[in-house]
Amino acid sequence: MKFIPQHDQMDCGPACIAMITKMYGKEYPLQYLRDISHISKEGVSLMSISDAAEKIGFETYPSLLSIEVLLEEGTLPCVLHWNKNHFVVLYDVKKNVFTGKKRFKVADPSHGLITLSEEEFKKSWCSQEDKGIVLFLSPTEKFEEMEPPKTQKLTISYLLNYLKPFKKQVAFMFSMLLLGSLVTLVFPFLTQNLIDKGVTVGDMNMITLILLAQLGLFLGAITIQIIRNSLTLYVGTKLSINIISDFLKKTLQLPIKFFDSKMVGDFNQRINDNERIEEFLTSQSLVTVFSIMTFSVFFGVLWYYDFTILAVYLALTVFSISWSYYFLKKRRMLDYFKFQQRAENQDSILEIINGVSEMKLNQFEEFKRKAWVKIQNKLFKTNLRILKIDQVQVSGYEFLNQLKNILVTFLAATYVVKGQMTIGELLSISYIIGQMNSPVNQLVDFFRSLQDAKLSLERLNEVQNHPEEETMYVNEEGEEQPLKTLEISENIFVNNGIEKGIRLKNVSFQYEGPKSQFILKDINMLIPEGKVTAIVGASGSGKTTLLKLLLRFYDPTLGSIHYNYDDILSLSPKSIRENCGVVMQDGYIFSDTIERNIATGDEVIDYDKLIKAVRIANIEEYIMSLPLKLKTKIGASGNGISGGQKQRILIARAVYKNPHYIFFDEATSALDAENEKIIHDNLQEFFKDRTAVVIAHRLSTVKNADQIIVLKNGEIVEYGNHKKLVENKADYFHLVKNQLELGN
Ligand SMILES: Nc1ncnc2c1ncn2[C@@H]1O[C@H](COP(=O)(O)OP(=O)(O)OP(=O)(O)O)[C@@H](O)[C@H]1O
């Protein structure tokens, strides 16, 4: 059984399929499996795992059954629903020949390969009385025929390219290292001469001279060390900035769907991954090259002194390195788990901080604190496992090192006793052995760092390999074409007199896999150019989702959306968003000045436009009452401003953009009636000649719209203007009835 760990907190499902496909001889990349199992922040469901497995050629049978039936009729490996919130693979069940007791072998993507007794197994698996949920998978011919998609892997050599711009500095660092190594090389000869030509002969002048030379060399070595450290810091920092900045650039080009499945902790850990790689490139790799050089030089010097001593030294060194390497491999998986638990830990702390007031209001503190302690316990267990391995590795390594030193000293001392070696030579050899140990330690550190860097690379690979948002599209003739820019022009020619606007044809949409619920169902509508369309409907009816499709955050599962005559799939998402002024329900206030929060896209702020936008959003009075006016900083996530002020700033942001399309999702829901009326009147003027879609529950906002669309459970149930819909006395009427009676 080849174990594959989950990379992120929600990855257990895809990791289980990856292990099973591997058992059947095929290696599917985790990212591909994530995509086809439609992973979200909540992870994947058994249905999505089954969908994904079917897609790559398995036949799947989900079941709820008892342990006896599982053992009698089940085929292994299978996926089990574990502790009601996780998935694992059961790959073997063995019977103890002496006790007759069964041992269950389980691959837990967040913990490793584990063997459990029947009791333990039942405790984690059985969710309803004595039964548990299982997904059996059997490969079909399709599985044999299908080839896993190829992914390009980031390699260490690719990363070395990052060092290229720093050739000069690296060469300089290298020459410093070389110089340092030459200096240390002279020390053993000085020691030998100090004893043999100074102390033994009683030549005080010689002793003084040699000691002065040693002092001089020592000062030289310190100077070299200082220069080297500053250079390493310089190159390291620059490299780190380049690597992480490229990573952020790439990450920001990924589609929203990618972010749907990631937690903040997962991203933070990836930044750490980048730093780990930087450290590997700057500190470890260079120093190791140098260490190997130093080692080789001392190797030659030791050979010059005595071959037997060298041979003993080498044999034990090879043994101690192999010892460490073996344990490093064992530690590899634990590193994955630690990474993941640290991400969980960060998310938990973040949630406690962000939700502090809700927690206090609803007495949730204890529960959340205990959840945090639970994560800490998991982390502690992993750390304990790591420590156990490290203890054995380090103790064994130290023991071998000491044994090496003792043996070599014993050999050298024997030579001195026999008169085959001088005391000076003995001391010199001791010095050389001491010097050779540090490159060997360095080599062990290098292997550890290399392993860490490789793990980090694997995790970064999935970001690197994920297709970016702006890619190609396939036209009607089946040819690949570059994406087009959304055209906004007065004289767009529309074929056959078709009305201009955004047209939705038979649009259906699901967030997750094919077996998931349709959030939008067969939507047909035109959002006419230059007019205001309002969308109303009960909470959860799919209004926001519809808006997100228009912004190309997601693509329709079925049907098509056309901006005038262009299919949305042929348009670059960036160009669509550039032409849209959007206020979302969860609009975000950046930790910056008010003016920067409004003029987000412009390098140089156009103050005329800004004042106009601020006036339309009716927030001028508030801003001007602040001591720093437009330059006032509004805190992280908009702390320090009220909900209504936040909405007005978001409206000002959309207006400042001067967009052709306007999408407002409950943009004025937090405002008082008076403010809403003023903004509403201001917007009527602003909406002129623009195409607007407004989602609102309040009658006053939608009443004047040119057309009103009523959504119910993802379907359009009614459309028309206010007057017509009220007369219909159907869904719209019921939605706004209370407000009508109030005389609005
Ligand atoms: N990222 C997502 N992943 C999975 N399901 C989602 C996601 N976002 C929304 N949904 C689901 O889609 C459905 C419609 O949500 P949507 O936000 O579009 O409704 P809405 O009509 O805008 O509701 P409201 O008036 O409360 O804002 C809901 O059942 C919701 O659970």
Side-chain angles (χ1 to χ4, degrees), residues 501-502 504 507 509 518-550 581-587 616-618 642-644 646-648 650-651 654 661-688 690-744:
I502 310 171
L504 286 89
V507 171
F509 178 73
F518 272 98
I519 303 295
L520 292 174
K521 298 165 202 155
D522 203 25
I523 304 281
N524 283 291
M525 67 188 263
L526 172 75
I527 297 164
E529 181 87 356
K531 302 230 166 97
V532 179
T533 301
I535 302 178
V536 296
S539 175
S541 52
K543 304 180 295 291
T544 306
T545 306
L546 184 69
L547 219 60
K548 287 186 176 164
L549 292 193
L550 298 181
V582 186
V583 177
M584 295 301 256
Q585 271 181 39
D586 53 357
I616 291 179
N618 196 31
S642 75
K646 174 180 163 183
Q647 280 195 333
R648 281 181 283 164
L650 294 175
I651 293 176
Y661 296 99
I662 295 156
F663 300 135
F664 280 3
D665 188 358
E666 293 289 3
T668 52
S669 59
L671 293 173
D672 58 280
E674 195 187 327
N675 246 311
E676 191 183 22
K677 180 158 181 358
I678 299 172
I679 295 176
H680 186 249
D681 292 347
N682 293 346
L683 283 175
Q684 292 314 306
E685 182 61 28
F686 179 69
F687 282 170
K688 246 185 212 152
R690 299 173 207 263
T691 309
V693 179
V694 180
I695 297 175
H697 288 292
R698 287 206 208 167
L699 185 56
S700 52
T701 319
V702 295
K703 206 168 63 180
N704 297 326
D706 297 289
Q707 74 163 342
I708 302 170
I709 306 276
V710 186
L711 274 186
K712 192 174 175 184
N713 296 329
E715 281 175 283
I716 297 183
V717 284
E718 251 188 322
Y719 67 92
N721 60 20
H722 174 71
K723 192 164 168 285
K724 181 184 152 207
L725 292 176
V726 170
E727 281 167 11
N728 275 0
K729 288 220 161 42
D731 290 273
Y732 178 76
F733 179 79
H734 292 299
L735 270 173
V736 297
K737 199 166 113 215
N738 290 338
Q739 300 174 46
L740 283 170
E741 280 164 4
L742 282 171
N744 268 313

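No experiment lies behind these values; they were computed from the predicted model shown.
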Flag side-chain contact, heavy atom, 4.5 Å: [X] against [Y]:
X: V507; Y: D522; answer: no
X: S541; Y: N713; answer: no
X: V693; Y: I662; answer: no
X: I616; Y: L683; answer: yes
X: E529; Y: Y661; answer: yes
X: N524; Y: I716; answer: no
X: I709; Y: M525; answer: yes
X: I527; Y: L550; answer: yes

Considering the options V536, L547, L711, T701, which one meets the side chain to side chain contact (heavy atoms under 4.5 Å, CB included) requirement together with I695?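 That would be L547.
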How long is the span from the [atom1] atom in [X] to the [atom2] atom in [Y], to the nearest 0.5 Å?
X: F663; Y: T691; atom1: CZ; atom2: OG1; result: 8.0 Å
X: D586; Y: L650; atom1: CG; atom2: CG; result: 9.5 Å
X: T544; Y: I535; atom1: OG1; atom2: CD1; result: 9.0 Å
X: E715; Y: I523; atom1: CD; atom2: CD1; result: 7.5 Å
X: K677; Y: N682; atom1: NZ; atom2: CG; result: 10.0 Å
X: D681; Y: F686; atom1: CG; atom2: CZ; result: 15.5 Å

For the pair F664 and V582, evaluate side chain to side chain contact (heavy atoms under 4.5 Å, CB included) and give the outcome as yes or no after the intermediate values. CA-CA 6 Å; F664 280 3; V582 186; over 6 Å; no
Quick check: closest heavy atoms across [X] and [Y], and the distance to 0.1 Å?
X: V532; Y: D706; value: N-OD2, 2.7 Å
X: H722; Y: L699; value: CE1-CD1, 3.5 Å
X: A667; Y: I651; value: O-CD1, 3.7 Å
X: V726; Y: F733; value: O-CD1, 3.7 Å
X: G720; Y: L725; value: O-CD1, 3.7 Å
X: Q707; Y: L526; value: NE2-O, 2.7 Å

May I ask you to check whether N728 and E718 show a side-chain donor-acceptor distance below 3.5 Å?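 There is such a pair (donor and acceptor under 3.5 Å, judged by atom type) between the side chains of N728 and E718.
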Is it the case that Q647 and T668 place a side-chain donor and acceptor less than 3.5 Å from each other?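 The answer is no; no qualifying pair exists.
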Polar side-chain atom of [X] near backbone of [Y] as donor-acceptor pair, under 3.5 Å:
X: R648; Y: N618; answer: yes
X: K543; Y: G537; answer: yes
X: K521; Y: F509; answer: no

Surrounding OH of Y719 (heavy atoms of other residues, nucleotides or ligands, distance under 6.0 Å), is the total greater than 12?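 Not buried by this count: 12 neighbours or fewer within 6.0 Å.
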With respect to E666, which candidate in Q585, H697, R698 satisfies the side chain to side chain donor-acceptor pair (under 3.5 Å) definition?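 Testing each of Q585, H697, R698 against E666, the sole residue satisfying side chain to side chain donor-acceptor pair (under 3.5 Å) is H697.
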